[in-house]
Amino acid sequence: MTQGNRNQSDTMILVTLLGTLAVVLVSGFVYQITGTWRDRNRFPPPGRLVQSNERWMHIRKAGEGTPTVVFESGMGASCMSWTQVQPQVAQFSSAVSYDRAGHGWSEAAREPRTARQLAQELHALLDAAGVPGPYVLVGHSFGGYVNRAFAHLYRDAVVGMVLVDSIHPAEWETPTLEQVRLIKMCSRYASIAAWLARLGLVRVCLARAAFGVGVASAARRIAGEIRKLPASELAAVRGLWSQPKNFMSLRQYIEALFVSAAQAGAVTSLGDLPLVVLSGDHHASPYSEWQRDLAQLSSRGRQLVACGCGHWIHLDRPEVVIQAIREVVGAARSDSELEPNRNKKFG
């Protein structure tokens, strides 16, 4: 073969490869657009969309009565994670769940996703949606940071709190070099996942429940928890996580984690606020000590360890979470009847 023929052959191979790649990329992009359109029809918002903070936010309200129980999800999670708890709570009080900006059915935001910012956005959303206080805040994992910031900013509106395996500020407020590297890596992975979602690859993986080695243990662990949801909710969650915005928003939350931890840690006392700290029985030291410490935020705080539970107690044993909420709601109602002018000072 002459040099000219060899060059021509190499060029043809390169053109073929590039053409094949272009077809795959276009096909994936079309697959993603088609799937997104189909999901919008299959999975309409279970609540309602409210204009707040210059974006459309999704909020889901059920039940009647005071105080209003407000559910705050863990990082990356949506209101769907409370589907086994909210309907039961709505039988004895007003219950509200919502999607933070960028997750679920809520539009994304540009502002830093710090705990204080999220608390302010939640307050604005509750006001825009016509959901008055007083509030009992229920926060899972990262949601505990938001709860503490909310209670600090709007102390007169908060009459109780339930922390569901909430993370402690000490875990992230003074990051080690290893944690800094971890956050950078997770941020990078979230950006990559957003591009993969745009090309339909995330949708394919979720549909086939397939995860590569790079996604490995963390993704499979989260997927294992999510599979505890009813089949109808599971399909909706898969559809939501096929959208690029979820991964881009997750990156924002991850990058603001150190600041959120510091803001939550600055709230050192909840006074005599009724408080129940629910902890899974999977914690080793120092996490077990941190869980006990959370109950010390209030003079009326107590910790309950849910046996046979991991991090997602509201999926493992929803009845335990419901009972804790019932207890705090009852305490808040008793306070309202006995001491309508109770001084709720906490820092």
Side-chain angles (χ1 to χ4, degrees), residues 43-50 52-53 55-107 113 115 118-119 121-147 149-151 154 157-158 160-166 225-226 228-230 232-234 236-237 239-241 246 249 253 278 312-316 318-326 328-329:
F43 310 119
R48 62 191 179 104
L49 296 177
V50 176
S52 178
N53 299 299
R55 68 185 66 92
W56 288 104
M57 297 286 290
H58 175 242
I59 186 168
R60 188 179 191 181
K61 183 179 180 297
E64 300 293 338
T66 59
T68 298
V69 178
V70 179
F71 294 98
E72 189 71 47
S73 303
M75 184 177 291
S78 69
C79 67
M80 302 297 287
S81 63
W82 298 105
T83 54
Q84 298 189 64
V85 175
Q86 184 176 0
Q88 301 303 316
V89 172
Q91 293 182 14
F92 59 84
S93 198
S94 178
V96 171
S97 60
Y98 78 108
D99 296 326
R100 287 193 294 266
H103 291 308
W105 287 269
S106 291
E107 292 182 341
R113 304 288 81 201
L118 299 175
E121 291 179 4
L122 171 59
H123 187 264
L125 173 61
L126 293 171
D127 183 61
V131 180
Y135 306 113
V136 167
L137 307 177
V138 181
H140 171 237
S141 191
F142 172 79
Y145 284 0
V146 183
N147 279 5
F150 190 100
Y154 312 105
V158 180
M161 187 180 296
V162 177
L163 297 177
V164 184
D165 217 56
S166 174
E225 298 291 350
I226 292 175
K228 296 173 183 176
L229 289 169
S232 56
E233 281 79 7
L234 178 58
V237 169
L240 293 171
W241 270 104
N246 284 284
S249 297
Y253 287 96
L278 290 177
W312 296 65
I313 302 174
H314 47 308
L315 297 183
D316 289 325
E319 73 281 359
V320 173
V321 180
I322 295 166
Q323 181 55 41
I325 296 172
R326 187 187 295 274
V328 172
V329 166

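In what follows, every heavy atom counts, from backbone to side chain, and hydrogens, waters and symmetry copies are set aside. Residues: numbered from 1 along the sequence shown.
Residues meeting the side-chain hydrogen bond (donor to acceptor under 3.5 Å, both in side chains) test with H58, sequence neighbours left out: D99. Applying the side-chain hydrogen bond (donor to acceptor under 3.5 Å, both in side chains) rule to S141 yields the partners H311; only residues at least two apart in sequence or on another chain are considered. For W105, there are no side-chain hydrogen bond (donor to acceptor under 3.5 Å, both in side chains) partners at least two apart in sequence or on another chain. Every residue two or more places apart in sequence or in another chain was checked for a side-chain hydrogen bond (donor to acceptor under 3.5 Å, both in side chains) with Q323, and none qualifies. Checked against side chain to side chain contact (heavy atoms under 4.5 Å, CB included), A95 has the following partners two or more places apart in sequence or in another chain: F71, Q86, V89, A90. Every side chain to side chain contact (heavy atoms under 4.5 Å, CB included) that V50 has, sequence neighbours left out, goes to R48, I59, L125, A128, A129. Considering only residues two or more places apart in sequence or on other chains, A101 meets the side chain to side chain contact (heavy atoms under 4.5 Å, CB included) condition with R55, M57, A109, R113, E121. S249 is linked by a side chain to side chain contact (heavy atoms under 4.5 Å, CB included) to H103, A108, Q252, Y253, counting only residues two or more places apart in sequence or in another chain. Residues that satisfy the ring pair (Phe, Tyr, Trp, His ring centres under 6.0 Å) test with Y145, not counting sequence neighbours, are F142.
For the pair V138/V85, no side-chain contact is recorded, criterion being any heavy-atom separation below 4.5 Å from C-beta on. Two residues are said to be in side-chain contact when any heavy atoms from C-beta on lie closer than 4.5 Å; Y98 and V131 fail this criterion. Annotation: side chain of Y135 is not in contact with side chain of V96 (no heavy-atom distance under 4.5 Å).
Expressed to the nearest 0.5 Å, how far CG of L137 lies from CG of L122 amounts to 7.5 Å. The structure places OG of S78 at 11.5 Å from CH2 of W82, a figure rounded to the nearest 0.5 Å. To the nearest 0.5 Å, atoms CG (L118) and NE2 (H123) are separated by 14.5 Å. R60 contributes atom CZ, which lies 6.0 Å from atom CE of M80 (distance to the nearest 0.5 angstrom).
A salt bridge (Lys or Arg N to Asp or Glu O under 4.0 Å) check over residues 70-81, counting only residues at least two apart or in different chains, returns the pairs E72-R100. Residue pairs meeting the salt bridge (Lys or Arg N to Asp or Glu O under 4.0 Å) criterion with at least one member in residues 122-140: none, sequence neighbours excluded.
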Distance-only criterion, 3.5 Å: show the donor-acceptor pairs between side-chain atoms of residues 62-69 and protein atoms not counting sequence neighbours.
unit_1, atom_1, unit_2, atom_2, d
T68, OG1, P132, O, 3.3

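Nearest heavy atoms, L163 versus G144: CD2-CA, 3.8 Å. Heavy atoms only, all atoms of each residue included: H314 and V321 are closest at CA-CG2, 3.8 Å. Between A149 and A115, the closest heavy-atom pair is CB-O, 3.7 Å. When all heavy atoms of N147 and V162 are compared, the pair lying nearest together is ND2-O, 4.1 Å.
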>> Quick one, F150 with L126, criterion side-chain contact (heavy atoms from CB on, under 4.5 Å). Give me CA distance, side-chain angles, the key distance, then yes/no.
In response: CA-CA 12 Å; F150 190 100; L126 293 171; 4.3 Å; yes

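Using a 30° and 60° split on the angle between ring planes, H140 and W312 fall in the tilted class, from 30° to 60°.
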